[in-house]
Undergrad: 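Shown below is the structure under consideration.
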There are 2 protein chains.
Amino acid sequence: MNTASADEPRWLSDEEQRTWRAYIHATTLLDDHLDRQLQRDAGMPHIYYGLLVGLAEAPRRRLRMTELAMKAKITRSRLSHAIARLEKNGWVRREDCPSDKRGQFAVLTDEGYEVLMRSAPGHVAAVRQAFFDRLTADQQKALGEAMLIIAEGLQPEGAGADLPWLR
Amino acid sequence: MNTASADEPRWLSDEEQRTWRAYIHATTLLDDHLDRQLQRDAGMPHIYYGLLVGLAEAPRRRLRMTELAMKAKITRSRLSHAIARLEKNGWVRREDCPSDKRGQFAVLTDEGYEVLMRSAPGHVAAVRQAFFDRLTADQQKALGEAMLIIAEGLQPEGAGADLPWLR
DNA sequence: GGCACTTGCTTGAAGTATCAACCTCTACAA
DNA sequence: TTGTAGAGGTTGATACTTCAAGCAAGTGCC
């Protein structure tokens, strides 16, 4: 006789519980930690910092809103609000897209670039201290691979064109 | 001659970059995914669900505010607001601590327990689908161990009594 | 007791996130 | 053309988070 009936959900085993809780705890603590670090040292939350990085890496330091949202894995709405805030800081500027009148570019300003350069060393140090310095090379590799799988699983597997996950 | 000067930060290598971005992407997507799943199916964000779980596991389904905050890895302030909201839903109730008049217990109500029982299967299914089902046993093990290390590193290593991380 | 210091928890304001509604523009076809 | 469906992006209301400030009760010490 099978212990699991058809409508009885497959609960997590003790081992899985431990894994899942370790994951939740680590991500909660690390997220908070980096948010505070950047809020203190750069005056913005972690995800905003990521937006500046995304722009800094792009050609001409600019990206269409939707592209940036995809890069950062956030919704367009969230990005819109975030860019509004960064614009108020003078770190990003919006520019109309010449070829598509609906489109907007987010452009990293010189001032934004400065802020990024100024805060990057401290942030990298924080990431090293909390993350890389504590893991062996093998652990880093394994974790990276696992995370890649998780991320891929939650993205619109098919296209890059249609973006259901941005709802 | 060494390429890294004393004040030049140790930037992330390409390999480290990939690992770190995979981590950020996976956690961002998974966090959003589970928040939406629970908001839709249980009417609360992921972390609130975790609070109910914490209470359900505790003796007499109650925990001191500070203990619950520690369990959930959040600040007391955040917990205070969260419990206020859950109280409004009738899922949690506050109770005075008899032995310490400053103290408060958060108590899971029957109604809160019901909500938890009702939404747990769907949530476990979502976690399995997004996380466990995609990883091999070895990957789960490695990831769990790495996450445990990260979490431990961000906690007040020393005591359980003083809680500097709760600021 | 009286004093200072700490712990436990809450509060309000300001910042950020989410969701649904909305507007404009593009693409495409009748 | 005109219609229409969809894409690109914004907005406002509501919910949640954060931070600093606050208050009341416990603790230690004279």
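Every chain is numbered from 1 and lettered A, B, ... according to where its sequence line falls, protein lines coming before strand lines.
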Undergrad: Checking A:T109 side chain against A:G90 main chain: does a donor-acceptor pair fall under 3.5 Å?
TA: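 A pair under 3.5 Å: yes.
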Undergrad: Between B:E67 and B:K71, is there a side-chain N and carboxylate O pair less than 4.0 Å apart?
TA: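 Judged by the 4.0 Å cut-off on N to carboxylate O distance, B:E67 and B:K71 do not form a salt bridge.
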Undergrad: Output the rounded distance in Å from NE2 (A:H46) to C1' (D:dT17).
TA: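 For the pair A:H46 NE2 and D:dT17 C1', the rounded distance is 17 Å.
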Undergrad: Scan residues 114-123 of chain B for pairs that pass salt bridge (Lys or Arg N to Asp or Glu O under 4.0 Å), counting only residues two or more places apart or in two chains.
TA: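 The answer is none; no pair qualifies.
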Undergrad: Quick one: B:H33 NE2 to C:dT18 P, roughly how many Å, whole number?
TA: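 Spelled out: NE2 on B:H33 to P on C:dT18 is 14 Å.
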Undergrad: Select base, sugar-phosphate, or nothing to describe what A:D32 touches, counting heavy atoms under 4.0 Å on all strands.
TA: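 It contacts sugar-phosphate atoms only.
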Undergrad: Return the set of residues passing side-chain hydrogen bond (donor to acceptor under 3.5 Å, both in side chains) with B:S99 (not counting sequence neighbours), or none when no residue passes.
TA: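 Scan of B:S99 (side-chain hydrogen bond (donor to acceptor under 3.5 Å, both in side chains), adjacent residues dropped) gives none.
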Undergrad: Can you tabulate the close N/O pairs, meaning under 3.5 Å, that link protein atoms to atoms of nucleotides 22-28 of chain D?
TA:
{"residue": "D:dG26", "atom": "OP1", "partner": "B:K101", "partner atom": "N", "Å": "3.0"}

Undergrad: Compare all side-chain heavy atoms of A:M44 with those of A:L52 and state whether any distance is below 4.5 angstrom.
TA: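 Sidechains of A:L52 and A:M44: in contact.
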Undergrad: Heavy atoms, side chains only, cut-off 4.5 Å: are B:R76 and B:T66 in contact?
TA: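 When only atoms from C-beta onward are counted, B:T66 and B:R76 do touch, with a gap below 4.5 Å.
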Undergrad: So, is A:T75 close to the C:dC19 phosphate, meaning a side-chain N or O under 4.0 Å from OP1 or OP2?
TA: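 The answer is no; no side-chain N or O of A:T75 sits under 4.0 Å from OP1 or OP2.
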Undergrad: With A:R94, which residues qualify under side-chain hydrogen bond (donor to acceptor under 3.5 Å, both in side chains), at least two apart?
TA: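 A:E87.
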Undergrad: I'd like to check the salt bridge (charged side-chain N to carboxylate O under 4.0 Å, His left out) partners of A:R18; sequence neighbours left out, ordered by chain and number.
TA: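 In terms of salt bridge (charged side-chain N to carboxylate O under 4.0 Å, His left out), with neighbours along the sequence ignored, A:R18 is linked to A:E15.
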Undergrad: What is the distance, rounded to the nearest whole Å, between atom CD of A:E95 and atom C1' of D:dT10?
TA: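 Between C1' of D:dT10 and CD of A:E95: 18 Å.
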Undergrad: Can you sort out the partners of B:R78 under side-chain hydrogen bond (donor to acceptor under 3.5 Å, both in side chains), two or more places apart, ordered by chain and number?
TA: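 Result, side-chain hydrogen bond (donor to acceptor under 3.5 Å, both in side chains) vs B:R78: none returned.
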Undergrad: Please enumerate all residues that pass salt bridge (charged side-chain N to carboxylate O under 4.0 Å, His left out) together with A:R102, with sequence neighbours excluded.
TA: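 Partners of A:R102 by the salt bridge (charged side-chain N to carboxylate O under 4.0 Å, His left out) criterion, ordered by chain and then number, come out as A:D100.
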Undergrad: Using a cut-off of less than 4.0 Å, is there contact between a side-chain N or O of B:R36 and OP1 or OP2 of C:dC19?
TA: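 The answer is yes; a side-chain N or O of B:R36 sits under 4.0 Å from OP1 or OP2.
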Undergrad: A:L63 CG to D:dG9 C1': how many Å, rounded?
TA: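 Result: 15 Å.
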Undergrad: Round to a whole Å and report the spacing from CG of A:D35 to C1' of D:dC19.
TA: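 Answer to the nearest Å: 13 Å.
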Undergrad: How many whole angstroms separate atom CD of B:E67 from atom P of C:dT7?
TA: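 Taking atom P of C:dT7 as the reference, CD of B:E67 is at 16 Å.
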Undergrad: Going by the rule side-chain hydrogen bond (donor to acceptor under 3.5 Å, both in side chains), which residues pair with A:Q140 if we only count those two or more places apart in sequence or in a different chain?
TA: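 Checked A:Q140 against side-chain hydrogen bond (donor to acceptor under 3.5 Å, both in side chains); zero matches.
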Undergrad: Walk along nucleotides 10-16 of chain C from 5' to 3' and tag each nucleotide B, S or - by protein heavy-atom contact under 4.0 Å, base first, then sugar-phosphate.
TA: BBB---S
Undergrad: Please list, for nucleotides 2-4 of chain C, all pairs of protein and nucleotide N/O atoms separated by less than 3.5 Å.
TA:
none

Undergrad: For the pair A:R128 and B:E16, find out whether any cationic side-chain nitrogen is under 4.0 Å from an anionic carboxylate oxygen.
TA: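 Here A:R128 pairs with B:E16 in a salt bridge, since their nearest N and O are under 4.0 Å apart.
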Undergrad: As a check on the pairing definition, encode DNA chain C in dot-bracket form, counting Watson-Crick and G-U wobble pairs whose two distances are under 3.5 Å, and using | for partners outside this strand.
TA: ||||||||||||||||||||||||||||||
Undergrad: Enumerate the residue pairs fulfilling side-chain hydrogen bond (donor to acceptor under 3.5 Å, both in side chains) with a member in residues 40-50 of chain A, sequence neighbours excluded, ordered by first and then second residue.
TA: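 As it turns out, the side-chain hydrogen bond (donor to acceptor under 3.5 Å, both in side chains) pairs with a partner in residues 40-50 of chain A, which skip direct neighbours, are A:Q37-A:D41.
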Undergrad: Just verifying a value: how many Å separate A:I24 CD1 and B:L30 CG, rounded to the nearest 0.5 Å?
TA: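 The CG atom of B:L30 is 7.0 Å from CD1 of A:I24, to the nearest 0.5 Å.
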Undergrad: Measure NZ/B:K88 against C1'/D:dT14 and give the value in whole Å, please.
TA: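 After rounding, the gap between these two atoms is 12 Å.
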Undergrad: Whole-Å distance between C:dT18 C1' and B:D31 CG?
TA: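 Those two atoms, CG and C1', are 13 Å apart.
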